[in-house]
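As structure tokens, the structure follows; a few thoughts come after it.
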Amino acid sequence: GRKKAERRRQQAANTNPSTMRRTSLLAAALVAAFSSAGAQAPSTLGLQKDPRIVAAMADVSPARLRASDSMLVAFGTRNTLSDTLSSTRGIGAARRWIHAQLIQASKDCGGCLKVEYDTGSAVVGRSAARPTVHLANVVAWLPGRDTMRVVVIGGHYDSCICSVPNGGSFDTIADAPGADDDGSGTVAVMEAARVVAKHFPRGFDATIAFILYTGEEQGLLGSTQFAERLKREGKRVTAAFTDDIVGNITAEDGRVDSMSVRAFAVDSLALGGPELARYVWATGAVYQPNFEVIPILRLDRLGRGGDHRPFHERGAPALRFTERLENYKRQHLPTDALNDVNFPYVARVTRLNLATVVSLAAAPARPDSTNYARDSRGASGGQSFTIRWSAVPNATGYELLVRRTTAPTYTRIVPTGNVTEFLLDEQLDDVWVGVRAIGADGHRSLTTVVGAAGSPRRQNPQQRRPQE
């Protein structure tokens, strides 16, 4: 009898309109939760839209990008070990053409760009013969007020047919068009240099280096050379970006994605990789909200490498832009053809590059050291923390950004004014806090994470032994 009564009560509950409505709402919430599990809505992190950047982005030309990539493909092969003397074929002809294009961009802005070859040599360790190869990167510098602080944006102009069996990596004769890998990244950087120089000939707070690398396919030789040069010269790298394979929108299985791009950066709070990824993510949300930035907190795709790696290895925040859908039957093969590159897509990546690089160069540097102290004797009874940070030249104020340790990005922004110490009403044990500098025109720096293992610590007025 009791079982029958229970069944009747359950049947009545199941047919009760209120119960059914609650059940439907719960189901809808679960569906929504699971359907969005793979994506997180971006946050603008309080970044402000600069109308000058918007105007510059509108000047990026898909037609010019296509014409430039067509010229690169026309050199036949751009293998680093290929012909350097011909005026129409090989790596030498390609770099001289790139140099000439950047020289013209500099003439158009009244000489604002300083264009040079960054030269050297390296042993190709990937070859059994271990030949020594001449390296010539092409660099266009847009000097800033601080010539020792640099934002780097690059792509590699060399190509190969490395995936052809039996020696394709070192085939210096056969065509290696490299329209996507990495003609797309090369022309994106060249176009960004042209447009930024045109719209901002007087530069920014930091210097920008627009660089086209050689030797990437032989083991990141050109980017290693440049990263080592900057370190040797004592320059401080605010961020180093590479555009590598940013033109394909159709995968081998037929999937198409022309409205998102991946951003790879190492999940190291001390080096700032995830903070750079969050900055790019937020910049995209501000300037191109319909073009999704997918931050991926690892150095690169599994088993792969790119020209941001040497900068990461030398302690700088570094990030790689790469198309959302790669087609592996075209990479490092004679089939990497111009007609398979989508130039409106390359233009979207270029605009994201431009907005990010200009925003960082226009902002002050990030604080180079931080520290904290629990407010044990204050009114909070230890629930608040005093955050301290180093002063930044040209900063007009600072902000603290707060997120839970499991949150993908920051959810609270606390203005502090133009001070270097602030009592924050947060339990620092439970969250991550970042501090950033604000410039006179409102541009924000990268964040420096407070208390990140391995990051520089600022001396507290009184050091107390931490309690277990």
Side-chain angles (χ1 to χ4, degrees), residues 36 38-58 60 151 153 192 196 200 204-206 238-239 241 259-265 267 269 272-297 317 319 321 324 347-367 392 395-417 424 426 431-450:
S36 62
Q40 167 74 27
S43 167
T44 62
L45 295 182
L47 301 183
Q48 299 176 3
K49 185 179 290 187
D50 185 333
R52 299 172 302 166
I53 293 177
V54 174
M57 290 170 64
V60 172
V151 179
I153 175 75
V196 172
F200 304 97
F204 305 98
D205 190 69
T238 287
F241 301 97
M259 295 306 294
S260 69
V261 65
R262 292 179 290 174
F264 290 89
D267 191 9
L269 294 176
E275 302 309 293
L276 185 56
R278 291 183 182 99
Y279 193 97
V280 172
W281 195 16
T283 302
V286 170
Y287 288 99
Q288 286 192 127
N290 294 325
F291 187 59
E292 182 185 9
V293 175
I294 303 174
I296 301 172
L297 298 186
L319 183 143
F321 293 101
R324 175 65 183 88
R348 294 184 192 104
V349 176
T350 306
R351 294 180 188 116
L352 176 63
N353 294 162
L354 187 156
T356 303
V357 168
V358 168
S359 295
L360 282 173
R366 64 175 179 160
V392 176
T396 59
Y398 301 88
E399 291 172 334
L400 298 178
L401 285 73
V402 184
R403 66 182 177 91
R404 290 188 177 182
T405 59
T406 54
T409 194
Y410 294 101
T411 55
R412 183 186 178 197
I413 300 172
V414 182
T416 69
L424 182 66
E426 290 278 358
V431 296
W432 284 118
V433 173
V435 57
R436 68 185 180 191
I438 307 172
D441 57 2
H443 284 288
R444 268 75 172 165
S445 74
L446 288 179
T447 48
T448 299
V449 178
V450 178

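In this structure, the side chain of T283 does not engage the main chain of A355 through any donor-acceptor pair within 3.5 Å. T447 contributes no side-chain N or O that, together with a main-chain N or O of V449, makes up a donor-acceptor pair within less than 3.5 Å. A distance-only check finds a donor-acceptor pair linking the side chain of S445 to the backbone of A437 [under 3.5 Å]. In terms of modelled atom types and a separation under 3.5 Å, the side chain of Y410 and the main chain of R278 share no donor-acceptor contact. Proximity of a side-chain donor or acceptor of S359 to a complementary backbone N or O of R444 within less than 3.5 Å is not detected.
Counting all heavy atoms, side chain and backbone alike, I413 lies closest to P415 at O-CD, 3.6 Å. A pairwise comparison of heavy atoms in M259 and N290 identifies CE-O, 3.0 Å as the closest pair. Shown here for L446 and T238, the closest heavy-atom pair between the two residues is CD1-O, 3.7 Å. Scanning all heavy atoms of the two residues, the minimum distance from T448 to P367 falls at OG1-O, 2.6 Å. Annotation for V280 and F321: closest pair CG1-CE2, 3.6 Å, computed over non-hydrogen atoms. Closest approach of T350 to A192, counting heavy atoms only: CG2-N, 4.0 Å.
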### Message
Between L424 and V433, is the side-chain contact (heavy atoms from CB on, under 4.5 Å) condition met? List the steps.
### Response
CA-CA 10 Å; L424 182 66; V433 173; 3.7 Å; yes

### Task
Applying side-chain contact (heavy atoms from CB on, under 4.5 Å), run through V261 and Q288 and close with a yes or a no.
CA-CA 12 Å; V261 65; Q288 286 192 127; over 6 Å; no

### Task
Go through F204 and V358 one step at a time and tell me if the side-chain contact (heavy atoms from CB on, under 4.5 Å) criterion holds.
CA-CA 8 Å; F204 305 98; V358 168; 3.6 Å; yes

### Query
How far apart are the C-alpha atoms of I153 and V151, what are their side-chain angles, what is the distance that settles it, and do they pass the side-chain contact (heavy atoms from CB on, under 4.5 Å) test?
CA-CA 7 Å; I153 175 75; V151 179; 5.9 Å; no

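V54 meets the side-chain contact (heavy atoms from CB on, under 4.5 Å) test with K49, Y287; sequence neighbours excluded.
In this structure, T409 OG1 and L45 CG are separated by 4.0 Å, a value rounded to the nearest 0.5 Å. A distance of 12.0 Å separates CZ of R262 from CG of L319, quoted to the nearest 0.5 Å. Rounding to the nearest 0.5 Å places CD1 of I296 at 3.5 Å from CZ of F264. Rounding to the nearest 0.5 Å places OH of Y279 at 4.0 Å from CG of L360.
With respect to the salt-bridge test (charged N to carboxylate O, under 4.0 angstrom), the residues R366 and E275 do not qualify.
The list of salt bridge (Lys or Arg N to Asp or Glu O under 4.0 Å) pairs with a residue in residues 347-364, not counting sequence neighbours, is empty.
Atom CZ of R412 is surrounded by more than 12 heavy atoms from other residues, nucleotides or ligands within 6.0 Å.
Proximity of L269 to P274: side-chain heavy atoms (C-beta onward) are separated by under 4.5 Å at one or more points.
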